[in-house]
Amino acid sequence: MTSTLDPAEVPEFPMPRAQGCPFDPPPALRALQEEPLTRVRLWDGSTPWLVTRYADQRAVLGDRRVSADMTHPTYPRQAPGNATLSFIGMDDPEHSRLRRMIGSAFMVKRVEAMRPAVQQIVDDAVDALLAGPTPVDLVEAFALPVPSLVICDLLDVPYADHDFFQDNSKTMINRNSTPEERAAASGALAEYLGKLVAAKIQAPGDDLLSGLGERVKAGELTHREATEMAVLLLIAGHETTANMIALSTAALLRTPDQLALLRDSENPRVATTAVDEMLRYLNITHGGRRRVALEDIEVAGQVVRAGEGLILPNDIANRDSDVFPDPDRIDVTREARNHLAFGFGVHQCLGQPLARLELEIVYRTLYRRIPGLRLAIDFEDIRFKHDGFVYGVYELPVAW
Ligand code: HEM
């Protein structure tokens, strides 16, 4: 940070984001996009750089001279006491040592083998919707259970405990939680998953937690590392996809021509392109990627000094008209696989093949089996998660 910089003159990073269309980046953030690199002020008065353009964001995320270490003193934190979550907040070689241990479970081929099981989970959830009363909250009755059941299957975590792990995850990712509340929630999840890992060491199965248990037994991983990875997977595995399912349904109900195209098209690729288009158009990780420069680096023709923080909001990158023509329009047939919703570089989302599979099956199934799906409240009354680290809707009351 330069000594002449007066933080009071630096615009605040627009969070929470209760302005403008709830599917768009906030107007205040888009206004900052006029500059490729600009300063923003955070809750603690720090003034990291905001990288606004798609090409520059990719360059920074692919640069080994930037760190994702959330314990770094100048890491641009989203909130006070924001705890690290296993290897997502670490640098190589530690990051890749841990990531490699579970990488094979998320390879496209392995995930594709889960297709029949995921389809069954989605079919059962739609059966339950159709058998139940309306209006119904799609978040509670569908969007949250589907990915929770899938990640429970993969990890072999008992789904019966879903209230416990969903409630603690919610506390961890709520911006309004105090640091103490967040620490208590993460401690409760760690204790719970730590016990499950210990049980798997005694009696292994062919699930992912047992795989971690084997590594602990072999001395390749400490019990604590295994537990932290399990917490990361359980949270990342259900919260993100659940919010994408509900938020994209809200957006598609608002864009009936695109919903009709997705629902009625004979072309099987449309569900696949729709997944990437909705990931591009929406943004559930609306705090942006956060990094710290470890050396002086050049970004958009300017020098970012070692120790300075960087924020890379993928929502504005994914609306960069240099890369995505007419970026504010949903086009479910657009080829948008190069979006940054899963990040980029060494930390690019490990679970993306699974997230894609779940979203694709939901898009192929839900709207076809319930063609009359509609909002049961006024659009204006939907409560959006402006206060979350993960964006979405709190409830989505629907009928048909
Ligand atoms: C639509 C759903 C999802 C979205 C939008 C999403 C988004 C992201 C993003 C943006 C990152 C990069 C973070 C960074 O660079 O700082 C990430 C990392 C990660 N995600 Fe996802 N994710 C989703 C689903 C999942 C699922 C289903 C899983 C696991 C079952 C998962 C596991 C992970 C893990 C383990 C990392 C850390 C990777 C690393 O640091 O090497 N995610 N995700």
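All ligand and atom numbering here is 1-based and tracks the order in the structure. Only heavy atoms go into these numbers, but all of them, side chains included; no hydrogens, no water, no symmetry mates. Residue numbers start at 1 and run along the sequence shown.
Tyr281 and Asn318 share no side-chain donor-acceptor pair at under 3.5 Å. In the model, Ser210 has a side-chain atom that pairs as donor or acceptor with a side-chain atom of Asp207 under 3.5 Å. One side chain, Ser46 or Asp44, offers a donor N or O that lies under 3.5 Å from an acceptor on the other. Using a 3.5 Å distance cut-off with no hydrogens or angles, the side chains of Glu308 and Thr74 do not pair a donor with an acceptor. Side-chain contact annotation: Ser67 with Asp69, donor-acceptor N/O pair under 3.5 Å absent. The closest side-chain donor-acceptor pair between Thr365 and Gln119 falls under 3.5 angstrom. Checked by atom type, the side-chain pair His339/Asp276 shows a donor-acceptor distance below 3.5 Å.
When ring centroids are compared, Tyr54 and Phe324 come within the 6.0 Å threshold. Centroid-to-centroid, the aromatic rings of Phe23 and Phe379 come within less than 6.0 Å. Checked against the 6.0 Å centroid threshold, His238 and Phe165 count as a close aromatic pair.
In terms of protein heavy atoms, atom 12 (C) of ligand 1 is closest to His347 O, 3.4 Å. Regarding atom 7 (C) of ligand 1, its nearest protein heavy-atom neighbour is Ala341 O, 3.6 Å. In this structure, atom 13 (C) of ligand 1 lies nearest to the protein heavy atom Arg289 NE, 3.6 Å. Protein heavy atom in closest approach to atom 15 (O) of ligand 1: Arg291 NH2, 2.7 Å. Nearest non-hydrogen protein atom to atom 1 (C) of ligand 1 is Met244 CG, 3.5 Å.
At least one heavy atom of Phe106 sits less than 4.0 Å from an atom of ligand 1. Residue contacts with ligand 1 leave out Leu61, since none of its heavy atoms falls under 4.0 Å from the ligand. Residue contacts with ligand 1: Glu358 is excluded, as none of its non-hydrogen atoms falls under 4.0 Å.
In terms of polar-atom proximity, defined here as any N/O pair under 3.5 Å, His95 does make such a contact with ligand 1.
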Trace of the side chain to side chain donor-acceptor pair (under 3.5 Å) decision for His95 with Asp92: CA-CA 5 Å; His95 158 265; Asp92 287 348; 2.7 Å; yes

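Contacts with ligand 1 closer than 4.0 Å are made by no heavy atom of Asn314, backbone or side chain. Only the side chain of Leu232 comes within 4.0 Å of ligand 1, judged by heavy-atom distances.
Here is the list of ligand 1 atoms found below 4.0 Å of a heavy atom in Ile151: 30 (C). Within the listing of ligand 1, atoms 41 (O) sit less than 4.0 angstrom from a heavy atom of Val346. Those atoms of ligand 1 with a heavy atom of Ile284 less than 4.0 angstrom away are 5 (C). Listed by atom number, the atoms of ligand 1 under 4.0 Å from Arg99 heavy atoms are 38 (C), 39 (C), 41 (O).
Within the set Leu340, Leu233, Leu312, Thr241, the minimum heavy-atom distance to atom 27 (C) of ligand 1 is found for Thr241.
Here atom 21 (Fe) of ligand 1 has protein N, O or S atoms under 2.8 Å from it, and they come to 1.
Side-chain atoms of Gln258 and Leu262, non-hydrogen and from C-beta on, never get closer than 4.5 Å to each other.
Expressed to the nearest 0.5 Å, how far NE2 of His347 lies from CE of Met90 amounts to 10.0 Å.
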